[in-house]
Amino acid sequence: HPGLAKRMVRAGHELGSSGYTYSDLGTMPSWRRRLELDLTQHVLAGATGAHTRLVRLPHVDEPAALFGGRWRAAQDLARRGNLLVTSDLDSRSAPGRDAAQIATATTPT
């Protein structure tokens with residue numbers, strides 16, 4: 001959605017990345033993880049002119065989910081200058097959930 005991304009940047013919002021295919025970055029080799037994030041950077045730059053260092057690991061909806069391969073992926077991303085973003089609210093952003101359901105799940109009560 002390049003139009004939406006442009007509007008977000010114009011409004012002053014930060015963009016972040018979850019990789020190009022939203023695959024589990026903790027289960028793939030480091031070369032594929034770099035490729036996932038590099039492809040996303042190219043798409044963001046092409047659509048908005050923006051570049052981001054914010055990364056939310058797919059399938060890591062809360063800090064407690066950072067272990068094993070996902071923890072190693074987070075460390076690798078940090079060494080390469082990325083800032084890891086997570087939440088203490090589970091977005092439940094599984095396939096089949098629409099934006100309103102995800103927003104409701106991540107809005108503190």
Which pairs of donor and acceptor atoms, one on a side chain in residues 74-82, lie under 3.5 Å apart (sequence neighbours left out)?
| from | atom 1 | to | atom 2 | distance (Å) |
| --- | --- | --- | --- | --- |
| Asp76 | OD2 | Arg33 | NE | 3.2 |
| Asp76 | OD2 | Arg33 | NH2 | 3.4 |
| Asn82 | ND2 | Leu77 | O | 3.1 |

Co-membership, hydrophobic cluster, residues Trp71 and Met28, 4.5 Å side-chain:
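Yes, because Trp71 and Met28 connect within a single hydrophobic cluster, where side-chain heavy atoms sit under 4.5 Å apart.
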Would you list the pairs meeting salt bridge (charged side-chain N to carboxylate O under 4.0 Å, His left out) in which at least one residue belongs to [range], sequence neighbours left out?
| range | answer |
| --- | --- |
| residues 15-28 | Asp24-Arg70 |
| residues 39-54 | none |
| residues 100-109 | none |

Tell me every residue that passes side chain to side chain contact (heavy atoms under 4.5 Å, CB included) with Thr86, counting only those two or more places apart in sequence or in another chain.
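Thr86 satisfies side chain to side chain contact (heavy atoms under 4.5 Å, CB included) with Val60, Pro63 once adjacent residues are dropped.
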Of all heavy-atom pairs between Gly26 and Ala73, which one has the smallest distance, and what is that distance?
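That closest heavy-atom pairing would be CA-CB, 3.9 Å.
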Under 3.5 Å, side-chain donor or acceptor atoms of residues 7-21 against the rest of the protein: list the pairs with distances, not counting sequence neighbours.
| from | atom 1 | to | atom 2 | distance (Å) |
| --- | --- | --- | --- | --- |
| Ser17 | OG | Gly19 | N | 3.0 |
| Ser18 | OG | Arg56 | O | 3.1 |
| Thr21 | OG1 | Ser23 | OG | 2.7 |
| Thr21 | OG1 | Glu36 | OE1 | 3.1 |
| Thr21 | OG1 | Glu36 | OE2 | 2.8 |

Calculate, to the nearest 0.5 Å, the distance between atoms [atom1] and [atom2] belonging to [X] and [Y] respectively.
| X | Y | atom1 | atom2 | answer |
| --- | --- | --- | --- | --- |
| Leu44 | Lys6 | CG | NZ | 12.5 Å |
| Asp38 | Trp31 | CG | CH2 | 12.0 Å |
| Thr27 | Arg72 | OG1 | CZ | 11.0 Å |

Would you mind listing the cluster partners of Leu83? Hydrophobic ones only (ILVMFWY), side-chain contacts under 4.5 Å, chaining allowed.
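Leu54, Val85, listed by chain and number.
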Got a sec, which residues hit side-chain hydrogen bond (donor to acceptor under 3.5 Å, both in side chains) with His42, two or more places apart in sequence or on another chain?
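His42 satisfies side-chain hydrogen bond (donor to acceptor under 3.5 Å, both in side chains) with no other residue.
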